[in-house]
> 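Quick one: this structure, given as structure tokens, is what I'll be asking you about.
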Amino acid sequence: MKTQKWIVLILALFLLPYYIVPCPSYGQRKSKIYWSETGKIRRANLDGSEAEDVLTETSSTRDLALDLRNRKIYWVEGPTAKIRRATLDGFNIKNIVAEIPHELLINPYCIAIDADADKIYWANWRLDSIQRANLDGSNSKALPIREQNLPINRAVRALNIQLDLKAGKMYWTDVWNAGITRANLDGSDTEDLITGLLTVYGLALDLRARKMYWSNTSTGKIQRADLDGNNVETLVTGLKFSPDILLDLWSREIYWTDRDLDTGIGKIQRANFDGSNVIDIITGLNKPFAIALDPGETYDVAPGAEKLTTTWANVKFQ
């Protein structure tokens with residue numbers, strides 16, 4: 001009889017993950033939103049609480065990107081021609097411009113990070129190109145942005161760069177093309193996805209749903225479409241100047257910066273992915289511009305055939 005009881009208990013423990021925890025569940029996150037204002041980079045909780053300065057005395061931060069693998073923040077200072085980095089708490093500031101030849105860093109505008117490949121991408125407005133280097137600034141070079149079967153590089157003046165690493169693609173909003181373009185990570189097979197959008201600043205990708213979102217500062221809209229540019233939808237209207245957006249793939253929400261061009265006073269807002277329920281998160285900001293998300297740590301309960309494990313991890317949805 002005791003043997004039978006032990007067998008029943010072992011079977012129950014073996015089947016427990018399938019019946020009690022049929023799929024992964026996730027606990028409380030410690031998410032932070034980062035943004036740039038005049039002379040500083042700040043962060044807060046996603047509801048706008050506990051706002052604090054991360055970096056001060058920065059010069060006209062045009063874009064910022066988070067390297068979550070190495071817990072670093074990178075940012076572009078346009079007028080001083082610098083790409084800099086620090087820890088997510090603002091310590092150990094380093095100018096990686098020191099390792100990049102100056103002619104490759106004239107008038108940089110936006111950046112994107114591929115931490116797995118140890119690469120950083122940026123737009124160089126003076127040279128009308130997209131360039132790439134290692135995360136420490138070494139091995140920098142301009143990418144030949146070319147359409148299929150054309151040997152001539154095309155001029156690129158990117159306002160925002162986003163990466164689809166699984167597909168080996170980069171997307172960017174382009175001043176010269178007045179729209180959204182994509183190419184392979186080496187710059188080949190360039191294709192125009194959407195044109196005639198005038199000044200498109202912010203860009204964000206939802207790779208799981210195969211959608212891209214953007215902010216159009218000339219029309220005051222946030223829009224989205226399929227990754228191939230089809231099925232364009234307008235989600236939010238009435239914005240004044242919205243230079244950057246991000247997606248919280250966990251909660252299915254869009255965040256963006258917006259400001260009055262005359263006064264410079266701005267705010268961070270958010271809405272659902274369909275554009276509904278627009279609310280203010282933080283107001284009274286001084287010329288807010290770039291924005292980024294640290295999804296924080298998530299408690300991951302992962303069922304397995306032999307055991308139930310719990311780990312702390314940055315959960316990726318793309």
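Predicted model only: the values in this text are computed from it and were never measured.
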> Test Tyr213 against every option in Tyr255, Phe273, Tyr171 by the ring pair (Phe, Tyr, Trp, His ring centres under 6.0 Å) rule and name the one that passes.
Phe273

> Mind checking the CZ-CG spacing from Phe91 to Leu55? Nearest 0.5 Å is all I need.
9.5 Å

> Does this structure show an ion pair linking Arg71 with Asp294, if we count only N-O contacts that are shorter than 4.0 Å?
yes

> Return yes if a side-chain donor-acceptor contact under 3.5 Å exists between Thr87 and Asp89, otherwise no.
no

> Verify the neighbour count for atom CZ of Arg126: are there more than 12 heavy atoms of other residues, nucleotides or ligands below 6.0 Å?
no

> Only one of Arg84, Lys82, Arg62 forms a side-chain hydrogen bond (donor to acceptor under 3.5 Å, both in side chains) with Glu77, so which one is it?
Arg84

> Measure up the Tyr201 and Phe241 rings against each other and bin them: parallel (under 30°), tilted (30 to 60°), perpendicular (over 60°).
perpendicular

> Can you confirm whether Thr181 sits close enough to Arg154 that some side-chain heavy atom of one is under 4.5 Å from a side-chain heavy atom of the other?
yes

> Assess whether atom NZ of Lys240 is packed by more than 12 heavy atoms of other residues, nucleotides or ligands within 6.0 Å.
no

> Are Asn277 and Glu253 side-chain neighbours, meaning at least one heavy-atom pair lies under 4.5 Å?
no

> Looking at Lys32, I'd like to know if its NZ atom is crowded, meaning that more than 12 non-hydrogen atoms belonging to other residues, nucleotides or ligands lie closer than 6.0 Å.
yes

> Is there a side-chain contact between Asp164 and Arg210, using heavy atoms and a 4.5 Å cut-off?
yes

> Please tell me if the side chains of Ile279 and Arg270 come closer than 4.5 Å, counting only heavy atoms from C-beta onward.
yes

> If only atom types and distance count, is the side chain of Asp186 paired as donor or acceptor with the main-chain N or O of Ser188 below 3.5 Å?
yes

> Would you mind reporting whether Leu193 and Met212 have side-chain heavy atoms less than 4.5 Å apart?
yes

